[in-house]
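Have a look at the structure below before the remarks.
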Amino acid sequence: MNIQGTIDAIGQADWQTMMYAGLLELSIILTVIYGAVWRKSFGIYYTLIFAFIPVTNLGYMLLSLANDENEALIAQKVIYLGGCFLIFFITMAVFEICNINIPKWLKIIMLYFCSELFMSVATTEFTGLFYKKVMLKKIEGITIFTKVYGPAHTVFLITIAAMFVMGVIAIFYSLFFKKNVSNKRIILLLLTETIAIAAFFGWKFLGIQYDFTAVAFVLIQLIFLFIIRRISLFNIRDTIIDSITLLGDEGFISFDKKLKYIGCIGIAADVFPELKKTQVDRKVKKNEFFKREFLPMLEDFKKKGRSVPRNVERWGEHRKTIYQLTVNPLYNGRKRSGYQIHIVDDTLDRMEIDGISRWNDALQERVDEKTRNLKIMHNNLIMSMATMVESRDNSTGGHIRRTSDCVRILIDEMKKDPECKIARNDKFCKNLIKAAPMHDLGKIAVPDEILQKPGRFTDEEFEKMKMHAAEGARIVHEILKDTEDEDFHKLAENVAHYHHERMDGSGYPEGLVGEKIPIEARIMAIADVYDALVSKRVYKDRMSFEKADGIIMESFGKHFDPGLEKYYIAARPRLEQYYKDLDDE
């Protein structure tokens, strides 16, 4: 741009015009610099600031060249295109840099308000809202534009002051309460706000004849260039990506949701030279190279939602290099926009793995064998303790085995229901069957004279017997506290602790109500009571299946979980057959 040539052609060269022309050119240069260093991580408000300032400075230069009120008014409208919006953009940039979120609706309202202010400027010759009267005169080559302000101008000044206060509050809030915001940036922001408010108000209050707002805007551009330089450095995501790319040991190949090739960075084109000749936006299915190398991985990821790593080998002059490829989601901001193949040099890791794989296989086999033996010993210990407890109770012979089998039958019926979320958890089902024999371990702490009493308990004896639930939970906790299977530990403890709780809260030891009782204890309760009803005890005869079933069915909603009723009904024929088979043994 030859600004001086333009001014000479107009024939009105004076120091005021030259100053504004120089500021215009400088603001354009700074905007070009911003464009050269621009990154995707830069907020939209920085871009708008650098775009609007040259427009505003163009308005100041046009105003200095104006020959009548109409030309001056047009220039003034150009100036206020920036004046009405720049303070909003600067304030939003301040909040963004300070990591303070403003509701979207508030941003829309503020932007709409700024737009209405500009409309009052754009239509002022018809409405008189912003300027009631304007007058232009030249004094010694200096353009003096005199205005009689309307009510919209007062609103404009209040708006600028309000946004300035918002920005200053955000700056000081971040200074004292935000540890993740750089203090250097905060100081630069405070300087920006000070320059901006001084540009709008300072020269008027000080009685200065000339408007130096254009100078202030150029200074704001300079400060924001320093700020975005710091933003680039502190943007961990971008710096990591740049570092990965430049170090040369990783690469990325990107595809959109329709499996169209987007591009590649890093070592991707070195590992797959065909990428250098591949047209961007090419569908994977229409390219033989993509179909062979990447389509199986991408389709497998789409189907399973996870990536199975794949290795490729490349030979150089002196050695073989092994690269590992994995598929990951591709995000644009927070929005998932496609797929990305991550390539990393895995040579050293593969060499180490190959070197120790045989040793690992042998070691793993020994570890697996030891683990199996420990699990068997652990389970046998638990069963032995449960059997020992049962041997002291002369009224419940075989109760441990029978209740475990009843739990298994109930679980089998639950698994047939596709809507039963619990039954779909295979680990939970196995753990419950495994934990069932432990439900009465607490009886080991009950005195023999109570545990072996041939008749019914007195109230005092029953209170002592009820202690076995809490004591059982304590014993199970001690037995399993060092196990790595935390899920089994918690489930077994719950079974021992809460299998005598009732849905209506009348159970023991805690008096839990409804779903506050763990589901594993609710299932155990049905098996425990059913066995007690249909089995012979020293204080009672065996109850018929029909009568036992009537008691069980009446107890759903009171004693038992009503949600388990349908599974009990489905299991009832197998339960009856199970006990009939026991009689035949």
Side-chain angles (χ1 to χ4, degrees), residues 385-404 406-407 435-479 492-562 564 568:
M385 289 187 65
T387 303
M388 180 180 66
V389 172
E390 190 174 64
S391 67
R392 292 180 60 237
D393 184 354
N394 58 19
S395 66
T396 60
H399 178 67
I400 290 174
R401 187 186 68 164
R402 293 194 301 270
T403 52
S404 297
C406 288
V407 167
M438 306 173 71
H439 73 281
D440 273 341
L441 278 183
K443 288 184 177 180
I444 198 170
V446 178
D448 286 344
E449 60 269 20
I450 296 176
L451 193 64
Q452 298 176 2
K453 184 177 179 179
R456 293 189 176 276
F457 299 131
T458 65
D459 291 343
E460 181 180 357
E461 290 170 339
F462 185 59
E463 289 300 318
K464 291 182 179 180
M465 173 61 80
K466 284 161 58 174
M467 294 172 60
H468 83 274
E471 183 63 20
R474 186 191 67 79
I475 292 172
V476 171
H477 177 78
E478 289 299 318
I479 293 173
E493 196 172 325
N494 285 341
V495 166
H497 202 172
Y498 303 117
H499 69 282
H500 284 296
E501 298 286 357
R502 296 170 178 253
M503 294 296 287
D504 61 6
S506 64
Y508 63 87
E510 305 291 343
L512 299 182
V513 178
E515 293 188 358
K516 291 185 178 180
I517 306 170
I519 183 62
E520 52 266 29
R522 285 179 260 158
I523 297 171
M524 186 72 231
I526 297 174
D528 191 38
V529 173
Y530 188 85
D531 181 72
L533 292 174
V534 301
S535 299
K536 179 178 175 58
R537 299 289 172 89
V538 293
Y539 55 84
K540 75 172 189 69
D541 289 328
R542 175 187 304 169
M543 188 177 293
S544 69
F545 293 127
E546 292 77 12
K547 187 175 181 180
D549 179 64
I551 293 173
I552 293 289
M553 291 299 294
E554 288 179 3
S555 299
F556 279 107
K558 301 173 185 178
H559 188 159
F560 306 124
D561 182 354
L564 298 175
Y568 163 75

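- Here the shortest heavy-atom pairing between Pro437 and Ser404 reads CG-OG, 3.2 Å.
- Glu463 meets the salt bridge (charged side-chain N to carboxylate O under 4.0 Å, His left out) test with Lys466; sequence neighbours excluded.
- Closest of all the heavy-atom pairs between Met503 and Pro562 is CE-CD, 3.9 Å.
- Just one of Asn494, Val407, Val529 meets the side-chain contact (heavy atoms from CB on, under 4.5 Å) condition when paired with Met524; it is Val407.
- Within a 6.0 Å sphere centred on CD of Glu460, other residues, nucleotides and ligands contribute 12 heavy atoms or fewer.
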For the pair Leu441 and Ile479, evaluate side chain to side chain contact (heavy atoms under 4.5 Å, CB included) and give the outcome as yes or no after the intermediate values.
CA-CA 11 Å; Leu441 278 183; Ile479 293 173; 4.1 Å; yes
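- Partner of His439 under the side-chain contact (heavy atoms from CB on, under 4.5 Å) criterion, chosen from Glu520, His499, His500: His499.
- To the nearest 0.5 Å, atoms CD (Glu515) and CZ (Arg522) are separated by 5.5 Å.
- Under the rule for a ring-ring contact (aromatic ring centres under 6.0 Å, His included), Phe545 has no partner lying at least two apart in sequence or in another chain.
- To the nearest 0.5 angstrom, Lys443 atom NZ is 12.5 Å from Ile475 atom CD1.
- Taking both residues in full, the closest heavy atoms of Ala525 and Phe560 are given as O-CE2, 3.7 Å, listed atom of the first, atom of the second, then distance.
- Nearest heavy atom pair, residue Ala470 against residue Pro509, reads N-CG, 4.3 Å.
- From Asp561, atom CG reaches atom CD of Glu501 across 13.5 Å, with rounding to the nearest 0.5 Å.
- You'll find the side chain of Arg402 stays beyond 4.5 Å of the side chain of Tyr530, heavy atoms only.
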Go through it in stages, so that I can follow the logic: the residues are His399 and Asp531, the test is side chain to side chain contact (heavy atoms under 4.5 Å, CB included), and I'd like the CA-CA distance, side-chain angles, deciding distance and then a yes or no.
CA-CA 7 Å; His399 178 67; Asp531 181 72; 2.6 Å; yes
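- The CG atom of Leu533 lies 5.0 Å from the CD1 atom of Ile551; values are rounded to the nearest 0.5 Å.
- When every heavy atom of Phe556 is checked against every heavy atom of Leu564, the shortest pair comes out as CE2-C, 4.0 Å.
- The two residues Gly505 and Val513 come nearest to each other via the heavy atoms CA-CG2, 3.6 Å.
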